[in-house]
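Every heavy atom of this structure was used, including side-chain atoms; hydrogens, water molecules and symmetry mates were not. The first residue of the sequence shown is numbered 1, and numbering continues consecutively from there. Predicted model only: the values in this text are computed from it and were never measured.
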Amino acid sequence: MAPGAALTWELVDGVAVVTFDLKGEPVNKISEAVKQDVLATFEALEQDGAVRGVAFFSGKPDNFIAGADIEEFVKLTTAAEAERLSAAGQELLEHVAHFPKPVAVGIHGACLGGGLEFALACGYRVASDHPKTQLGLPEVQLGILPGAGGCQRLPRLIGARAALDIILAGKVERAQKAYRLGIVDELVHPSILRDVTIAAAQRMAAGWRPRRKRPGGFMAWLLDGNPLGRRVVFRAARKLTLAQTRANYPAPLAALDAVEHGLKHGMAEGLKREAQLFGQLAVTDVSRKLVQIFFATTALKKDFGIPNPPPPATVHRLGVVGAGFMGAGIAGTAIAQAEVDVRIKDADLPRVAKGLAAAREILDDRLRRRRITKYEHARLVALLSGSDAYSGFGRAELVIEAMFEELQVKQQVLREVEATTPEATVFASNTSTIPIHRIAEAAARPEQVIGMHFFSPVARMPLLEVIPSQHTAPAVVSTAVAFGRRMGKTAIVVRDSPGFWINRILTPYMNEAGHLLVEGAAIEEIDRLMVEFGFPVGPITLLDEVGMDVGEKVVGVMHEAFGERFAPVPAFAGMVKSGRLGRKAGKGFYKYAGGKKRGVDPAVYELVGTHPNGGPRPAEVIQRLILVMLNEAARAVGEGIVRTPRDGDVGAIFGFGFPPFRGGPLRHADDLGAARIVAELERLAERHGARFAPCEVLRDQAQQASKFYR
Ligand code: 3H9
């Protein structure tokens, strides 16, 4: 791109109205060429005597600036190069901050990373009050830190506590919240954004200066406003960050350092430290992995999972059969995210009422967290209805079944739905294990039948597995994927095979935890080691969350389908028999009180027929749990369960929290190397049995020195 191609400007009543529109790109991003363009434009504005102030806008319909160009910084190979990139960004924004004429910025759409850092360098910020307008510093999600002055300007503007809250978690806030925090000075309807911003530039040109009062009163002064209070804030933030990142993610701690250094030693020193730390982080393996996940997720937004996908049907009305926890979660999330009309059906009215209340709770929660206004809440609640009959299903474009994991039940529901819906209605089963072609055996219209496997709790879990059978029509796949996306999910299209992708690779891992338990490993120790490895929770806690009855069913299906390597651990059967189903029953491996997880219940060891005696060494615990999963993942890739390693890795990260900094199970397997994995699996198979026998895919890779990712 030649300099001058992205920024254009015109003079309006003494104000230069600058428009940033990166041609040929869906979003505005700050590349080296854009930096040159900004410098050249500001130089021209400085020279031009007719220009008294500047009003800056984006030319993109729903995007302000998405930040620095990520593709550019991932090409850098040394910390020194990355430090220079950061320093150059800082220099540019220092130039903007000290520009001799006032600069106001009108923000509509995503204003992220370097985009917000640019806005922070301007003298006045007006934002549109629109859901698409979001402001934040998501850099730590990419394993880096805000490196163009963000670690310095944000705490100076809104206080250390509020700034750390955003920077350390890589948060993105809606415009209203940004306004409340003091990040933007004015919040206006999109239709008047331009006029209000130009007027602000004119006022500033006439000598007016915005007066900002930091919210928070005495407490804010006590904690943000003096060095002693700030010491307390930083100490607490460091402790929390260490506990949350467990030294697996270096960026938040580095960002904390950059903020603290700047507040202690002044802006110039702060910028220097920020650039140094940016340089170090940008070339870490962790950052590379997180950036790969960003691009993989972005690519999945456009991928319908089949070649030449036909256009999806637009869903206005959704039918949900089954008012249990999953059904209600699907209903509530569909309304909250996709704003569709939802009808829930179950066998009797008390059940329906319970489901409606649970679905409504999702909307209430959004209201409580101020994600929606009470008017929006009232409008959304009106979209929800229920019945003990199929009334209202006649106009549904999509019906999702969320009944028990029983083939006959699902087939019965399918027949009933087919009898009450038009030919074009898509029937999706939210099964977690049962192959879709088995369910579709009962269908009069098998081409309309598909699997949509949501994860619990639906409102929060970001993954959706979409499972076409060999009879499913391509347009039905498009419809399911598109609707999943409207519900805010990342959708992967997977092959119709028992357990699909997620339960296929999760089952041997959970089972192995059972074997370790029987061998004397302590419950908390198994969980602790996996949390240290990077999982959000350990496998035993996960069993409690999923429910032992559900787990037993899943492993039963998998055992039947794939044989002995999935054989259930006999010790687990006692848990189900004695009603220790996990969190939902108030007791599982752990005790639960008042909805909170307490300690391990020692009675469990007796039930399982073991007692903790140290068990296998920690290194072996980790090795067995991880390798049994990687082995199954490799085997499933060989069977085409996922279309690409990318889908497999994104699925595992979003489905059950495989540590993002390791890039997913298949990237992790590549990092370990097939030869090493095969050798270790062979040793484990000798000692613990054939469930560890390395699969053919890994053996072939070991022989040919090949990998999942080339
Ligand atoms: C940073 O700013 C560092 C600085 O602090 C310091 C520097 C010194 N770069 O997601 P979409 C592409 S780090 C390059 O489908 P949406 C994306 O890959 C940056 N490319 O659209 C896709 O490409 P393609 C901090 C980018 O409307 C296309 O744009 N910023 C970037 O669903 C459309 O994207 C972030 O982390 C980028 N920064 O969502 C924000 N952003 O068409 C990252 C997007 O070839 N971006 N692309 O597949 C986002 O979160 C979303 O893209 C956004 C739009 C919300 C903006």
*Is the shortest side-chain N to carboxylate O distance from D365 to R368 below 4.0 Å?*
yes
*Under 30°, 30 to 60°, or over 60°: which ring-plane class applies to F118 and F56, parallel, tilted or perpendicular?*
tilted
_Short side-chain to backbone donor-acceptor contact, D21 and K23, under 3.5 Å_ = no
*Using side-chain hydrogen bond (donor to acceptor under 3.5 Å, both in side chains) as the criterion, point out the one residue from R231, R273, R238 that pairs with E260.*
R238
*Using a distance-only test with no angle check, is there a side-chain donor-acceptor pair under 3.5 angstrom linking Y124 and E186?*
yes
*E269 side-chain N/O to G262 backbone N/O, donor-acceptor pair under 3.5 Å*: no
*For R485 and F304, which heavy atoms make the closest approach, and how far apart are they?*
NH1-CZ, 3.7 Å
*Would you check, one step at a time, whether the test side-chain hydrogen bond (donor to acceptor under 3.5 Å, both in side chains) holds for Y709 with Q292?*
CA-CA 12 Å; Y709 291 88; Q292 280 156 357; over 6 Å; no
*If you measure from CG on L154 to CG on L181, what distance do you get to the nearest 0.5 Å?*
8.5 Å
*Minimal non-hydrogen separation, T479 against A313, with atom names*: OG1-N, 3.0 Å
*To the nearest 0.5 Å, how far apart are CG in D129 and CD in Q176?*
5.0 Å
_One pair to check against side-chain contact (heavy atoms from CB on, under 4.5 Å): W9 and V54. What are the steps and the verdict?_
CA-CA 10 Å; W9 64 278; V54 179; over 6 Å; no
_Intermediate values then yes/no, side-chain contact (heavy atoms from CB on, under 4.5 Å), I166 and I183_ = CA-CA 11 Å; I166 291 178; I183 298 174; 3.7 Å; yes
*Has the side chain of K489 got a donor or acceptor atom that lies under 3.5 Å from a matching backbone atom of M461?*
yes
*Report the residue from I65, L116, N63 that forms a side-chain contact (heavy atoms from CB on, under 4.5 Å) with C111.*
L116
*Using 4.0 Å as the upper bound for N to carboxylate O, is an ion pair formed by R161 and D165?*
no
*Do you know which two heavy atoms are closest between G89 and A148, and how far apart they sit?*
C-CB, 4.2 Å
_Around atom CD of E46, are there more than 12 heavy atoms from other residues, nucleotides or ligands closer than 6.0 Å?_
yes
*asked:* Quick test of your reading: applying salt bridge (Lys or Arg N to Asp or Glu O under 4.0 Å), list the pairs with at least one residue in residues 5-19, sequence neighbours left out, ordered by first then second residue.
replied: E10-R194
_Please give me the minimum heavy-atom distance between V340 and V315, naming the atom from each residue._
CG1-O, 3.3 Å
*Does the T133 side chain pair with the main chain of G109, one donor and one acceptor, at a distance under 3.5 Å?*
yes
*Could you go through the side-chain hydrogen bond (donor to acceptor under 3.5 Å, both in side chains) check for S191 and H189 one step at a time?*
CA-CA 5 Å; S191 62; H189 191 273; 2.8 Å; yes
*Salt-bridge present (R379, E376; N to O < 4.0 Å)*: no
*Calculate, to the nearest 0.5 Å, the distance between atoms CD1 and CG belonging to I30 and L92 respectively.*
7.5 Å
*Taking K101 for its side chain and L45 for its backbone only, find out whether a donor-acceptor pair lies under 3.5 Å.*
yes
*Step by step, work out the side-chain contact (heavy atoms from CB on, under 4.5 Å) result for L256 and L168.*
CA-CA 7 Å; L256 188 67; L168 302 190; 3.8 Å; yes
*Where the side chain of D341 meets the backbone of L384, is there a donor-acceptor pair that is under 3.5 Å apart?*
no
*Determine whether the side chains of T245 and N248 contain a donor N or O and an acceptor N or O closer than 3.5 Å.*
no
*Between CG on residue L135 and CZ on residue R125, distance to nearest 0.5 Å*: 9.5 Å
*Say you draw a straight line from CD of E91 to CG of L271; how long is it, rounded to the nearest 0.5 Å?*
11.0 Å
_Heavy-atom donor-acceptor pair, Q90 side chain to G150 backbone, under 3.5 Å_ = no
*Can you name the nearest heavy-atom pair linking A178 to E173, along with the distance?*
N-CB, 4.4 Å
_T8 versus T19, side-chain donor and acceptor atoms under 3.5 Å_ = no
*Can you check whether K177's main-chain N or O pairs, donor with acceptor, with R370's side chain at less than 3.5 Å?*
no
*Evaluate the side-chain proximity of N28 to F64: yes if any heavy-atom separation is below 4.5 Å, no if none is.*
no
*asked:* As an exercise, state the distance from CD of Q36 to OG1 of T41, rounded to the nearest 0.5 Å.
replied: 11.0 Å
*Salt bridge check: are D364 and R366 linked by an N-O gap of less than 4.0 Å?*
no
*Distance-only, no hydrogens or angles: does the S478 side chain make a donor-acceptor pair with backbone N or O of P309 under 3.5 Å?*
no
_Basic-acidic side-chain contact under 4.0 Å: K75, E71_ = no
_Quick check against the 3.5 Å criterion: does S287 have a side-chain atom that pairs as donor or acceptor with the backbone of V283?_
no
*Determine the minimum heavy-atom distance between P155 and C151, stating which atoms define it.*
CG-O, 3.1 Å
_Quick one, E81 with T77, criterion side-chain hydrogen bond (donor to acceptor under 3.5 Å, both in side chains). Give me CA distance, side-chain angles, the key distance, then yes/no._
CA-CA 7 Å; E81 275 178 301; T77 49; 3.2 Å; yes
